[in-house]
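Working notes, beginning with the structure itself.
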Amino acid sequence: MPDAGPGHDGDGGQRRPEDHADSAGVAHPAGHGTARPVREYHKSRGDRAGDAIFSVLARAGVGPAHLLTTRGRRTGRLRTTPVILVVHDQQRWLVAPYGAVPWVLNARAAGQVRLRRGRDRRDYTIRQLPAAQAGPILQRYLRIAPATRPYFQASKDSPVADFIAEADRHPVFELTPLSETSAGDTAKASRP
């Protein structure tokens, strides 16, 4: 699934060590059972091909993917990557399954993002959730985005406490619309 690899910040520079997610194979922080090995994210050719496919589908408004656009924190250039949102009732959350990858750092710096799905484009402010609030969202995310499971210590059947314990490695952002529709969208625009 979509994110730039850990070695570069996706905004033209090298990432600092503190920008990286915890390394692979860390013992489960909640102390439940045997520690499950966690894969460290490295963007491969297959990931790039998958991103291209998800991007085309998101532009067409097909499937679960949205296109996330952030402004580069150093260059100011727009960066786009496909993502899968967690949606419940009218609330939306953005999950970073691979840790503090470039889009996360850019979103934190800007405090807002743009999401596109089909013709619908909306701008959102973001707020990173504390671990206790992020845990249930991560649990739900793992069920709807199975390709990211190797990057989590918790499994899809783990209790919420296990997700809370590793929430610091998988930032979760609450999305709040800046306005009901963004410039250029019609009043009839459907929700992303």
Side-chain angles (χ1 to χ4, degrees), residues 1-11 13-44 46-48 50-51 54 64-66 68 70 72-73 79 81-88 91-113 115 124 126-175:
M1 213 31 228
D3 283 90
H8 293 278
D9 70 2
D11 196 26
Q14 196 70 10
R15 290 182 59 202
R16 298 178 309 269
E18 63 270 18
D19 292 340
H20 291 278
D22 290 345
S23 61
V26 176
H28 196 287
H32 296 290
T34 314
R36 205 173 94 144
V38 175
R39 186 182 307 166
E40 189 173 337
Y41 184 74
H42 297 281
K43 194 160 190 158
S44 68
D47 292 327
R48 284 190 260 296
D51 285 356
F54 272 104
H66 291 71
L68 171 74
T70 58
R73 64 198 178 284
R79 306 290 182 177
T81 189
V83 296
I84 294 179
L85 301 180
V86 175
V87 180
H88 182 70
Q91 186 58 54
R92 288 166 165 50
W93 296 275
L94 182 59
V95 174
Y98 310 121
V101 293
W103 73 256
V104 172
L105 303 175
N106 291 340
R108 282 177 179 158
Q112 67 182 46
V113 298
L115 288 171
Y124 295 87
I126 61 166
R127 178 181 72 91
Q128 187 167 342
L129 297 180
Q133 292 176 3
I137 306 304
L138 289 171
Q139 185 181 45
R140 188 178 294 241
Y141 180 82
L142 210 58
R143 291 182 177 144
I144 63 172
T148 63
R149 289 179 186 161
Y151 302 95
F152 284 80
Q153 236 0 173
S155 72
K156 67 181 175 77
D157 300 319
S158 295
V160 169
D162 290 358
F163 289 94
I164 291 170
E166 66 175 300
D168 62 323
R169 294 187 304 112
H170 307 287
V172 176
F173 299 95
E174 179 181 49
L175 298 169

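Heads up: numbering here begins at 1 and tracks the sequence.
Proximity of L85 to L94: side-chain heavy atoms (C-beta onward) are separated by under 4.5 Å at one or more points. V172 has its side chain out of reach of Y141: every pair of non-hydrogen atoms, C-beta onward, lies at least 4.5 Å apart. In this structure, the side chains of L129 and W93 come closer than 4.5 Å at one or more pairs of heavy atoms.
By the side-chain hydrogen bond (donor to acceptor under 3.5 Å, both in side chains) test, Q139 is found to be paired with no residue, residues two or more places apart in sequence or in another chain being considered. Not counting sequence neighbours, the partners of I164 by the side chain to side chain contact (heavy atoms under 4.5 Å, CB included) test are A131, V160. Scanning for side chain to side chain contact (heavy atoms under 4.5 Å, CB included) contacts around Q128 gives R108, P171, F173, with sequence neighbours left out.
Formation of a donor-acceptor pair under 3.5 Å by the Q91 side chain with backbone atoms of L175 is found in this model. Here the side chain of R143 pairs a donor or acceptor atom with the backbone of K156 at under 3.5 angstrom. For the pair R149 (side chain) and L142 (backbone), a donor-acceptor distance under 3.5 Å is present.
Considering all non-hydrogen atoms of both residues, F152 and P97 come closest at CE1-CB, 4.0 Å.
Taking CD of E166 as the start and CG of L138 as the end, the distance is 7.0 Å to the nearest 0.5 Å.
Ring planes of Y98 and Y151: perpendicular class, angle over 60° (limits at 30 and 60°).
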